[in-house]
Amino acid sequence: MKVEVEVISKEIITPSSPTPAHLRHYQLSSFDQLAPPVYNPLVLFYEFNDKTAPNITEISSHLKKSLAEVLTVFYPLAGRIKHDDWHVDCNDEGIPYLEAHVNCKLSDFLKNPIPDQLSKFMPFELDDHIGKELVLGVQLSIFECGGFAIGQCISHRLADASSYFMFSKTWAAIARGESNIEHPDFLSATRFPLKDVMAYDPSTEISRNKVTKRFLFSASMIEALTAKYGESAVGLEENRKRPSRVDALTAFIWSRYMANTNKITGPHDEKLYIAVHAVNLRPRFDPPLPQHSFGNIYRAATTGPLLSTGDACSAYGRAMRELREEIHKIDNDCVKGLQQGAEQSGLPFNENTGRLTELELVKLGFSSYCRFPVYDNDFGWGRPAWVFSTPLTFKNVATFMDTKEGDGIEVYISLEEQLMAKFETDAEFLAPMCLQAGAEEPFGC
């Protein structure tokens, strides 16, 4: 089914109270400098319930009123980014608020949501940010049945996943009438001051030459993966806890990525593979930073370089082991080094490092949004039926999100079309899902 979303109105929402003069200059941090110039998406889908929800006009009015109030709390989001000196002019110029009509029922759409169509629920193009000053946009999309979607775009220049989920959760709390609101901590630039990073251009990671597919792994599938492949990883790590479900799934997908890339290039075209995993730094401070700390407060943990082998169990076990080791290294001492200007990324040293000059380096990135309370976004009409939030602007990326029930994981993988075709016919990759065929909700496969 081809989904059509037609914008029918657009206006600007400004903060309900003016930003004080002493808060008008919001300095960006060195981590913000390195963030890619894209918008991060979040789309919340809500079923229409005539017992709890008013008509769509009242819903929109309520969203706009509460949005104006939350912009007073998150005042940089209503300002404009000044790229020349890395700050936000918190001038209260406001954010675009769009309303749109969708040409189908929400229940039909949720039977098989196609990730590459979800940008239609966004107020602007996710990769159209280079040189642009807007920080945030919102779009309310109304389905034929009365169900609706709230699409939000927040600039990655200001906010990581934790930050924009915090914004949405606070907005929902204000919409429900809660008065005890936790205010964001805007001190990122004092912890990670600006520095000269002119040699790095994060826009090189942006690509439209890819497709994004959605794969569902139930709790039992993930448990089976860990049991089948994880024993070698666990056995070689004394006094370490059992691999998490994200560890297990990351290593599995990375091992299949290496194997499927080799199918295209051939076994004689050797490559080196690295995995890059975004790690939230807030809990790695000593003492931990508050979870309401706003900004890009994450670091990339790099695993590898590895040569792909034909032994799936061996590749999986080593991938899981090295992934956990690299993430474990990001501790308070590492964070202190970053605050003092240490490099934010780099390749670990292993037996393959010396071959970096002779072999092509192939990267797969991972981001996990698991355990974030995205299904707690209740604006007064109940929890969302489904939540989507994955970067649609990059290739060679896998993003994890909890299912609504919280026990399974939705995986969004963005690859070039030829490589995706290999994934979709890879018996080893599909085996866990085939074991559970038909066991999930219709839109989960």
Side-chain angles (χ1 to χ4, degrees), residues 10-42 63-98 122-140 150-175 181-194 197 202-203 290 292-298 393:
K10 180 179 179 180
E11 60 185 290
I12 297 295
I13 305 297
T14 58
S16 58
S17 299
T19 300
H22 71 282
L23 298 178
R24 290 272 172 150
H25 184 100
Y26 175 69
Q27 187 66 57
L28 299 180
S29 72
S30 59
F31 278 28
D32 296 329
Q33 285 178 286
L34 294 172
V38 298
Y39 292 99
N40 282 322
L42 175 63
L63 288 175
K64 288 187 286 187
K65 180 178 182 296
S66 56
L67 180 56
E69 293 174 19
V70 77
L71 287 176
T72 299
V73 179
F74 289 80
Y75 56 89
L77 303 186
R80 297 294 182 264
I81 302 175
K82 304 303 177 183
H83 298 274
D84 54 347
D85 62 353
W86 298 103
H87 85 279
V88 178
D89 180 6
C90 304
N91 53 20
D92 297 337
E93 287 190 12
I95 67 140
Y97 177 90
L98 284 62
M122 295 288 106
F124 27 70
E125 291 290 336
L126 300 178
D127 59 357
D128 187 24
H129 193 4
I130 298 176
K132 299 295 177 65
E133 295 186 339
L134 282 171
V135 182
L136 170 67
V138 172
Q139 178 172 311
L140 174 66
I150 302 172
Q152 307 169 41
C153 291
I154 293 185
S155 169
H156 205 333
R157 287 295 199 198
L158 270 74
D160 59 10
S162 181
S163 298
Y164 70 84
F165 292 153
M166 169 177 46
F167 164 77
S168 185
K169 184 179 178 182
T170 305
W171 178 18
I174 289 175
I181 299 299
E182 192 170 49
H183 285 240
D185 170 341
F186 287 122
L187 298 177
S188 179
T190 63
R191 300 183 179 106
F192 301 101
L194 290 176
V197 292
S203 65
H292 58 272
S293 300
F294 191 91
N296 286 291
I297 310 176
Y298 72 95
T393 45

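Computation of the quantities below employed the complete heavy-atom set of this structure, encompassing side-chain atoms and omitting hydrogens, waters and symmetry-equivalent molecules. Only a predicted model underlies this, so the values are computations on that prediction, with no experimental measurement involved.
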Asker: Taking all atoms of both residues into account, what is the closest heavy-atom pair of Phe192 and Ser29, and its distance?
Answerer: O-CB, 3.2 Å

Asker: Please report the interatomic distance CE(Met166) to CD1(Ile154), rounded to the nearest 0.5 Å.
Answerer: 9.0 Å

Asker: Taking Ser293 for the side chain and Pro290 for the main chain, is one N or O donor matched with an acceptor at less than 3.5 Å?
Answerer: yes

Asker: For Thr72, does its backbone N or O pair with a side-chain atom of Ser17 as donor and acceptor, under 3.5 Å?
Answerer: no

Asker: Looking at Ile297, is its backbone amide N or carbonyl O close enough to the side chain of Asp160 to form a donor-acceptor pair, meaning the two atoms are under 3.5 Å apart?
Answerer: yes

Asker: I need the Ser168 OG to Phe74 CZ distance, nearest 0.5 Å.
Answerer: 9.5 Å

Asker: With the side chain counted from C-beta on, respond yes when Trp171 and Ile150 share a heavy-atom pair under 4.5 Å apart, and no when they do not.
Answerer: yes

Asker: With side chains defined as the heavy atoms from C-beta onward, is the minimum distance between Pro15 and Tyr75 less than 4.5 Å?
Answerer: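 No. Closest side-chain heavy atoms not under 4.5 Å.
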
Asker: Looking at Leu194 and Gln27, what are the two nearest heavy atoms and their distance?
Answerer: CD1-NE2, 2.9 Å

Asker: Could you tell me whether the side chain of Leu98 reaches within less than 4.5 Å of the side chain of Lys10, counting heavy atoms only?
Answerer: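 Heavy-atom side-chain distance check passes, below 4.5 Å.
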
Asker: Does the side chain of Phe31 reach to within under 4.5 Å of the side chain of Arg191, using non-hydrogen atoms?
Answerer: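 Counting from C-beta outward, Phe31 and Arg191 never come under 4.5 Å.
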
Asker: I'd like to check Val88 versus Leu28 (side-chain heavy atoms, cut-off strictly below 4.5 Å). Are they in contact?
Answerer: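 Val88 reaches Leu28 side chain to side chain.
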
Asker: With side-chain contact (heavy atoms from CB on, under 4.5 Å) as the criterion, how do Arg24 and Thr19 come out once you've worked through the C-alpha distance, each side chain's angles and the decisive distance to 0.1 Å?
Answerer: CA-CA 7 Å; Arg24 290 272 172 150; Thr19 300; 4.1 Å; yes

Asker: Give the minimum heavy-atom separation between Ser30 and Pro193, together with the two atoms involved.
Answerer: CB-O, 3.0 Å

Asker: Roughly how far, to the nearest 0.5 Å, is the NZ atom of Lys65 from the CD1 atom of Ile174?
Answerer: 9.5 Å

Asker: Any non-hydrogen side-chain atom of Ile95 less than 4.5 Å from a side-chain atom of Ile12?
Answerer: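 They are not in contact (no side-chain heavy atoms under 4.5 Å apart), so the answer is no.
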
Asker: Could you tell me the separation between the CG atom of Leu126 and the OG atom of Ser155, rounded to the nearest 0.5 Å?
Answerer: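 Reported value, rounded in 0.5 Å steps: 11.5 Å.
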
Asker: Check the angle between the aromatic planes of His83 and Trp86 and answer parallel, tilted or perpendicular using the 30° and 60° thresholds.
Answerer: perpendicular

Asker: Rounded at 0.5 Å granularity, tell me how far CG in Asn91 sits from CD in Glu133.
Answerer: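 So the gap between those two atoms works out to 8.5 Å.
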
Asker: Given Val138 and Ile13, is the side-chain contact (heavy atoms from CB on, under 4.5 Å) satisfied, shown in steps?
Answerer: CA-CA 10 Å; Val138 172; Ile13 305 297; over 6 Å; no

Asker: Mark yes when over 12 heavy atoms from residues, nucleotides or ligands other than Lys64 sit less than 6.0 Å from its NZ; otherwise mark no.
Answerer: yes

Asker: Shortest non-hydrogen contact from Asp92 to Thr14?
Answerer: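 Residues Asp92 and Thr14, closest heavy atoms: O-CG2, 3.6 Å.
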
Asker: Around atom NZ of Lys82, are there more than 12 heavy atoms from other residues, nucleotides or ligands closer than 6.0 Å?
Answerer: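 Yes, the 6.0 Å shell around NZ holds more than 12 heavy atoms from other groups.
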
Asker: So Phe124 and Lys132, side-chain contact (heavy atoms from CB on, under 4.5 Å) or not? Walk me through it.
Answerer: CA-CA 11 Å; Phe124 27 70; Lys132 299 295 177 65; over 6 Å; no

Asker: Enter the distance from Thr190:OG1 to Asp185:CG here, rounded to the nearest 0.5 Å.
Answerer: 7.5 Å

Asker: Quick one: sort the His87 and His25 rings into parallel, tilted or perpendicular, breaks at 30° and 60°.
Answerer: parallel

Asker: Please check: side-chain N/O of Asn296 versus main-chain N/O of His156, any donor-acceptor pairing under 3.5 Å?
Answerer: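 Between the backbone of His156 and the side chain of Asn296 there is a qualifying donor-acceptor contact (under 3.5 Å).
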
Asker: Indicate yes or no for a side-chain donor-acceptor contact from Tyr39 to the backbone of Leu134 under 3.5 Å, with no hydrogens or angles considered.
Answerer: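 Flag set: sc Tyr39 to bb Leu134 pair under 3.5 Å.
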
Asker: Can you confirm whether Leu158 sits close enough to Phe294 that some side-chain heavy atom of one is under 4.5 Å from a side-chain heavy atom of the other?
Answerer: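 Heavy-atom side-chain distance check passes, below 4.5 Å.
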
Asker: Phe186 versus Leu23: any side-chain heavy-atom pair under 4.5 Å?
Answerer: no

Asker: What closest approach, in Å, do Tyr164 and Ala159 show between heavy atoms, and which atom pair accounts for it?
Answerer: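 So the two residues come closest at N-CB, 4.3 Å.
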
Asker: Quick one: closest heavy-atom pair of Ala35 and Arg157, and the distance?
Answerer: O-NH1, 2.6 Å

